[in-house]
Visitor: 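Handing you this structure, nothing more for now.
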Amino acid sequence: MKASMDKIVNLCKSRGFIFPGSEIYGGLANSWDYGPLGVQMKNNIKAAWWKKFVQQNPYNVGLDCAILMNPTVWQASGHLGGFSDPLMDCKSCKSRHRADDLIEAYMKKHGCEENLSAWSNEDFEKYISEHKIPCPICGKSDFTPIRKFNLMFKTFQGVTEDSSSTVYLRPETAQGIFVNFKNVQRSTRKRVPFGIAQIGKSFRNEITPGNFIFRVREFEQMELEFFCKPGTDLEWFAYWKDFCKNWLLEIGIKEENLKLRDHDKEELCFYSKATTDFEFKFPFGWGELWGIADRTDYDLSQHAKFSGKDMSYLDPITNEKYIPYVIEPSLGVERLMLAYLCNAYDEQTLENGETRVVMHFHPAISPYKVAILPLQKNMGDKAREIYQNLSQHFMCDYDEAGSIGKRYRRQDEIGTPFCVTIDFDTLEDDTVTVRERDSMQQIRIKTSELAAYISKFVNI
RNA sequence: GCGAGAGUGGCCUAAUGGUAUGGCAUCAGCUUCCCAAGCUGAGGGUUGCGGGUUCGAGCCCCGUCUCUCGCUCCA
């Protein structure tokens, strides 16, 4: 693979796709700011997803929920409580362990197994010190107190930092969809099966983020929750798996960079009946890109239980009443963008021995669609006129600095699919040369036909 | 949180304790009618921050901040 993380990171920074966050203050680990090209590309990715999953899809509708939610939502979903792992370090050898794992292993060995789910951290610590449970690495029993790693960001609603007003930043957008299931169904008169799509920020206090924008603490999700009748769920699971894969191929992800992996039983989350990961071949190895899960009726049932509201669906034709099953394709915007950058990266050696870096973006995703390049600076007036006209339709770049070859290179590097050059003839007969990025082929075209010509490629 | 490593213009890089190099990139001018050409010139750094040793610190010492890599975790 020609792309390496270093090259991608450097290109992103030097060309204005992605900058390190808070850089002038020395940065903030794993935070990233999206520059002029980055935000454009990110918006294009989101727009393409929305178009495919909402605009063009007869089943689905959109939604945009608040990031802050009633904390009970997170009790119902299981994010509070269940997912803060009780971790302790061995003071002697500095290794880290889960207290419940240590105790479970100890109990298993001594044949006295118990259900630990109701135990508090104090219970864990007491049991470990009373039974002098040894560190599996060094054998000593000298642990730090338990530290809780809650993966949710906490903040305070209201001006006093008092615990009664604690709220959380959502760790996934899905719950906002579940709590609005009835609202959306009623107001749109949708019948099951139907889906609700949402794009929005989520926050997770990952202990180990990294790999550029692959894993970050603040990220944007594109999620679909598709509600269907129990029993039809596996059919729909297969349907969305295909649908998602086709979309990735459509926007230009190469099939050889993609791998579908089904979770086996042990790996499945407690609420999930089936999960398939789309993995992408990143320069650092295969990494999860898109997770598709059969969440069963777990979420709606939990919300019914905790809220006391009926979350079931009454089929108006058969009069059957049931809690729908949910198929969830969940995709991270930044992660897809990183995959997309790696997927598009190419270095080519030209006939003259020079190399060019080319980003092979689909025209719908590339930040700029067209660059306007006057061959000489004294053609600037005409060129700016063309720029003004094309800007009505597309994101355009304008560049009159340096040789024409150099300007082509600059556009190749940021993946601009078309370059329009203005020359002497343009001033005479109003035609321009359009140069295509991947083939480097040139065609001559009337300026009046430019917008229509380029539109054909830009629309997915 | 622990362990290790690293911080010199936008990027890369040089500097036995002695005036902070050079390249790329950027900008201006000349030249140039289609794929990183050339020439001339310009701007940009108190070496992450604070202190100490010294006649003198990018370099040595202490502290601090930040980043990177590994470990534990990832609904």
Visitor: Would you measure the distance from the C1' atom in B:G18 across to the matching atom in B:C24 and give it in whole Å?
Guide: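 Per the computed distance, 30 Å lies between those C1' atoms.
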Visitor: Counting primed atoms plus P, OP1 and OP2 as sugar-phosphate and everything else as base, spell out the protein contacts along nucleotides 34-41 of chain B at 4.0 Å heavy-atom distance: B, S or - for each nucleotide, 5' to 3'.
Guide: BBBS----
Visitor: Should A:Lys42 and A:Glu334 count as an ion pair when the cut-off is N to O under 4.0 Å?
Guide: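 A salt bridge is present here (some side-chain N lies under 4.0 Å from a carboxylate O).
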Visitor: Taking only residues two or more places apart in sequence, or in another chain, which ones meet A:Phe17 in a ring-ring contact (aromatic ring centres under 6.0 Å, His included)?
Guide: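 Expected list: none.
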Visitor: Could you list, one pair per line, each protein nitrogen or oxygen that sits under 3.5 Å from a nitrogen or oxygen of nucleotides 9-11 of chain B, together with the distance?
Guide:
from	atom 1	to	atom 2	distance (Å)
B:C11	OP1	A:Lys13	NZ	3.0

Visitor: Quick one: A:Arg15 CZ to B:C24 P, roughly how many Å, whole number?
Guide: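 The distance from CZ of A:Arg15 to P of B:C24 comes to 18 Å, rounded to the nearest Å.
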Visitor: Inspect the contact between A:Arg410 and A:Asp399 and indicate whether a charged nitrogen and a carboxylate oxygen are less than 4.0 angstrom apart.
Guide: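 Yes.
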Visitor: Could you work out, with side-chain hydrogen bond (donor to acceptor under 3.5 Å, both in side chains) as the rule, every residue matching A:Lys201, not counting sequence neighbours?
Guide: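 Per chain and number, A:Lys201 pairs via side-chain hydrogen bond (donor to acceptor under 3.5 Å, both in side chains) with A:Glu218.
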Visitor: Between B:A14 and B:A57, how far apart are the P atoms? Round to whole Å, please.
Guide: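 Taking atom P in both B:A57 and B:A14, they lie 23 Å apart.
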Visitor: Using a strict threshold of under 4.0 Å (side-chain N to carboxylate O), is an ion pair present between A:Asp423 and A:Arg444?
Guide: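 Between A:Asp423 and A:Arg444 there is a salt bridge, with a charged N closer than 4.0 Å to a carboxylate O.
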Visitor: How would you list, by chain and number, every residue that makes a salt bridge (Lys or Arg N to Asp or Glu O under 4.0 Å) with A:Lys46, sequence neighbours excluded?
Guide: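 Checked A:Lys46 against salt bridge (Lys or Arg N to Asp or Glu O under 4.0 Å); matches are A:Glu220.
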Visitor: Can you give me the dot-bracket string for RNA chain B, 5' to 3', counting Watson-Crick and G-U wobble pairs with both distances under 3.5 Å, using [ ] for crossing pairs and | for partners on another strand?
Guide: (((((((..(((.....[...))).(((((.......))))).....(((((..]....))))))))))))....
Visitor: Can you list everything that forms a side-chain hydrogen bond (donor to acceptor under 3.5 Å, both in side chains) with A:Arg435? Sequence neighbours excluded, please.
Guide: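 A:Arg435 satisfies side-chain hydrogen bond (donor to acceptor under 3.5 Å, both in side chains) with A:Asp412 once adjacent residues are dropped.
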Visitor: Does A:Lys382 pair with A:Asp430 as a salt bridge, N-O distance under 4.0 Å?
Guide: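 So A:Lys382 pairs with A:Asp430 through a salt bridge.
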Visitor: Provide the distance between the two P atoms, one in B:G7 and one in B:U16, to the nearest whole Å.
Guide: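 It works out to 15 Å between them.
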Visitor: Give me the distances for all protein-to-nucleotides 42-50 of chain B N/O pairs that come in under 3.5 Å?
Guide:
none

Visitor: For the residue pair A:Trp49 and A:Phe53, categorise the inter-ring angle as parallel (less than 30°), tilted (30 to 60°) or perpendicular (more than 60°).
Guide: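 Parallel: the ring planes of A:Trp49 and A:Phe53 meet at under 30°.
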Visitor: With rounding to whole Å, what would you report as the distance between B:G5 and B:C62 at their P atoms?
Guide: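 The same atom, P, in both gives a distance of 13 Å.
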Visitor: Enumerate all atom pairs, one protein N or O and one N or O from nucleotides 67-69 of chain B, separated by less than 3.5 Å.
Guide:
from	atom 1	to	atom 2	distance (Å)
B:C67	OP1	A:Ala29	N	2.1

Visitor: Relative to the ring of A:Tyr239, is the ring of A:Trp236 parallel (under 30°), tilted (30 to 60°) or perpendicular (over 60°)?
Guide: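 Because their plane-to-plane angle is over 60°, the rings of A:Trp236 and A:Tyr239 count as perpendicular.
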Visitor: Could I get the full list of salt bridge (Lys or Arg N to Asp or Glu O under 4.0 Å) partners for A:Lys7, not counting sequence neighbours?
Guide: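 A:Lys7 satisfies salt bridge (Lys or Arg N to Asp or Glu O under 4.0 Å) with A:Glu347 only.
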Visitor: By nearest heavy atom, map A:Arg204 and A:Gln376 onto RNA chain B; which one lands nearer the 5' end?
Guide: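 Looking at the nearest nucleotide for each, A:Gln376 comes out on the 5' side.
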Visitor: A:Phe19: what forms a ring-ring contact (aromatic ring centres under 6.0 Å, His included) with it, not counting sequence neighbours?
Guide: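 A:Phe19: no ring-ring contact (aromatic ring centres under 6.0 Å, His included) contacts found.
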Visitor: Rounding to an integer number of angstrom, what distance separates B:U53 and B:A6 when you compare their P atoms?
Guide: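 Rounded to whole Å, the distance is 26 Å.
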Visitor: Taking B:C55 as the reference, what is the distance to B:U19 when you measure between their C1' atoms (whole Å, please)?
Guide: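 Straight-line distance between the two C1' atoms is 16 Å.
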Visitor: Taking NZ, NE, NH1 and NH2 as the nitrogens, is one of them in A:Glu400 or A:Lys377 under 4.0 Å from a carboxylate oxygen of the other?
Guide: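 Not counted as a salt bridge, because no side-chain N and carboxylate O are separated by less than 4.0 Å.
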Visitor: Under the rule for salt bridge (Lys or Arg N to Asp or Glu O under 4.0 Å), what residues qualify as partners of A:Asp6, not counting sequence neighbours?
Guide: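 For A:Asp6 there are no salt bridge (Lys or Arg N to Asp or Glu O under 4.0 Å) partners, ignoring immediate neighbours.
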Visitor: Parallel, tilted or perpendicular, judged at 30° and 60°: which one describes the rings of A:Phe194 and A:Phe227?
Guide: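 A:Phe194 and A:Phe227: tilted rings.
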Visitor: For B:G9 versus B:G44, give the span between their C1' atoms, rounded off to a whole number of Å.
Guide: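 After rounding to an integer number of Å, I get 6 Å for this pair.
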Visitor: For A:Met379, answer base if it contacts any base atom (sugar-phosphate contacts may also be present), sugar-phosphate if it contacts only those atoms, and nothing otherwise; contact means non-hydrogen atoms under 4.0 Å.
Guide: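 It contacts base atoms.
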Visitor: Looking at A:Phe214, does the NZ or CZ of A:Arg335 lie under 6.0 angstrom from its six-membered ring centre and within 45 degrees of the ring axis?
Guide: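 Yes, a cation-pi geometry.
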Visitor: Distance between the C1' atoms of B:U31 and B:G41, in whole angstroms?
Guide: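 Their C1' atoms lie roughly 15 Å apart.
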